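Reading through the structure tokens given below for one structure.
Quick caveat: nothing in here was measured; it's all calculated off a predicted structure.
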Amino acid sequence: MQQAAAILLACTAAFGVSALLVRASIAYAHRRGMLDHPGRRRSHAQPTPRGGGLGLVVGLLLGALPALRCLPGSVPPASVAALAAAVLMVAAIGWRDDHRPLAVLPRLAVHAFAALMAAAAVLWNVPQAPDAAPGARWLWLLAALPFAAWSINLHNFMDGIDGLLGLQAAFVGAGVAVLAYCRADPALTGAGLVTTAASLGFLLFNRPPARIFMGDVGSGALGLWLAALIGMTAARYPDLLWAGLILVSAFAVDATLTLLDRIARGRAWYTAHREHLYQWLVRSGRTHAQADRRYAAWNLLAVAPAAAAAAAFPRGAAAVCIGFYGLSGLAWMIGKRACIGRVRRREQHGLA
């Protein structure tokens, strides 16, 4: 009962702080001229403040770090400190970029270093098995580093319409909480639920029509945090790696396949564009709310059952994960072609 009360308190604090700071960020952004204006490569129709992710990050860390440190199954203080520092580094470079755009290389350098810190914080707090191969931890680090770095950037890419990233973070946080609860791990359960609570506080002002956007301060930091949550879960319970990867599949598939498609077609893949599936949905005439509902429905009706199956049947979890990513890729291709066809028909009738 005390653990439940502590988790409830952490979630309440995360939600409240997130909502209050996001609300304050609206006035701050207007004063500083931090507005995203409509454009050919953007999906909104009116100038909108950015930088609201600051409130989400502060609320998230305020609730999640004590949960990770103080609840049963706690994470060592050095790992908590390193993880917090990594998330704050990404948030800080994003906050700077929200005020005045930075060159790509400095941002990527900070992202890479923060990803390294987060991956090390996750892996080095787990006791190594006696029969582990020499250097196994370093091999895991080589795999975790690109995963964390890509998570930072793909969540930035996927933050392009009202509400979408906040809903995804709330879903992944809740999914991690359920997985951890089933393993009687209060620390990870609390961290997952706090992630959901802080995201809901942000969504009060970001749901369609958004009063403020997350901005780079929030999207990158949130991407790193979600990667760390999946990493901590998998580090403690290796059989849950596949379920964790399934939880983030909606964004991972859209961002990765879109990037590969642009590279294959010789596009300048590093420039802003509107070719993600969620952007095609909006371009084809769907509202932001309708696009959000489609992603939420996919998460609830497809992703959640697949993750549950992977968690329930560890021996077949890898096959479930690989098969589900294949299915997701097929759904992405079918959905994108349907949207492009709809856009072309609208153009023929003068509606686009």
Side-chain angles (χ1 to χ4, degrees), residues 53 56-57 60-61 64 75 79-98 101-126 135-160 165 168-169 172-173 176 191 195 214-235 241-242 244-263 268-273 276 321 325:
L56 191 161
V57 171
L60 170 62
L61 294 180
V75 175
S79 292
V80 172
L83 180 57
V87 171
L88 288 173
M89 283 175 57
V90 176
I93 197 71
W95 184 243
R96 174 66 177 79
D97 197 44
D98 284 333
L102 292 171
V104 173
L105 288 181
R107 283 190 287 117
L108 291 181
V110 171
H111 291 173
F113 185 70
L116 177 62
M117 285 184 64
V122 168
L123 292 174
W124 260 261
N125 80 80
V126 181
R137 187 168 277 165
W138 290 100
L139 293 176
W140 276 109
L141 182 63
L142 290 177
L145 176 57
F147 173 69
W150 178 226
S151 185
I152 294 171
N153 287 281
L154 80 82
H155 285 84
N156 182 281
F157 299 156
M158 294 296 292
D159 183 30
L165 180 50
Q168 175 73 4
V172 174
V176 168
T195 303
M214 187 175 292
D216 288 351
V217 63
S219 59
L222 191 56
L224 181 60
W225 173 259
L226 294 178
L229 267 187
I230 300 300
M232 284 187 286
T233 304
L241 169 64
W242 307 106
L245 291 177
I246 291 172
L247 285 177
V248 299
S249 60
F251 271 29
V253 168
D254 193 352
T256 303
L257 290 184
T258 299
L259 177 65
L260 294 176
D261 179 61
R262 286 178 59 79
I263 291 173
W269 53 269
Y270 45 84
T271 61
H273 61 84
H276 291 287
C321 181
Y325 266 80

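- Annotation for Ala82 and Ala121: closest pair CB-CB, 3.8 Å, computed over non-hydrogen atoms.
- With rounding to the nearest 0.5 angstrom, the CE atom of Met214 is 5.5 Å from the CG atom of Asp159.
- Rounded to the nearest 0.5 Å, atoms CZ (Phe157) and CH2 (Trp150) are 5.0 Å apart.
- Judged by distance alone, the side chain of Ser79 and the main-chain N or O of Val122 form no donor-acceptor pair under 3.5 Å.
- For the pair Tyr325 (side chain) and Ala252 (backbone), a donor-acceptor distance under 3.5 Å is absent.
- Contact of the Val57 side chain with the Trp225 side chain is not registered, since no non-hydrogen atoms from C-beta on lie closer than 4.5 Å.
- Each of Leu60, Leu56, Val172 was scored for a side chain to side chain contact (heavy atoms under 4.5 Å, CB included) with Thr195, with one residue passing: Leu60.
- For the pair Ala144 and Ala119, the tightest heavy-atom approach, listed with the atom from each and the gap, is CB-CB, 3.8 Å.
- Among Ile152, Ile93, Asn153, the one residue that satisfies the side chain to side chain contact (heavy atoms under 4.5 Å, CB included) test with Arg107 is Ile93.
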Original post:
Step by step, would you call Asp254 with Leu154 a side-chain contact (heavy atoms from CB on, under 4.5 Å)?
Top reply: CA-CA 9 Å; Asp254 193 352; Leu154 80 82; over 6 Å; no
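- Judged by distance alone, with hydrogens and angles left aside, the side-chain atoms of Thr233 form a donor-acceptor pair with the main-chain N or O of Leu229 at under 3.5 Å.
- Taking CZ from Arg96 and CG from Leu102, the interatomic distance works out to 5.0 Å, rounded to the nearest 0.5 Å.
- Residues Leu88 and Leu61 approach most closely at CD2-CD1, 3.6 Å, considering heavy atoms.
- No side-chain heavy atom of Leu222 sits under 4.5 Å from any side-chain heavy atom of Gln168.
- The two atoms that bring Gly223 and Ser151 nearest to each other are O-OG, 2.6 Å, heavy atoms only.
- Nearest approach of Ala228 to Leu83, heavy atoms of both residues: CB-CD1, 3.5 Å.
- Ala85 approaches Met117 most closely through the heavy-atom pair CB-CE, 3.7 Å.
- For the pair Met89/Leu224, no side-chain contact is recorded, criterion being any heavy-atom separation below 4.5 Å from C-beta on.
- A donor-acceptor contact shorter than 3.5 Å is absent between the side chain of Asp216 and the backbone of Asp98.
- Between the side chain of Ser249 and the backbone N or O of Ile246 there is at least one donor-acceptor pair closer than 3.5 Å.
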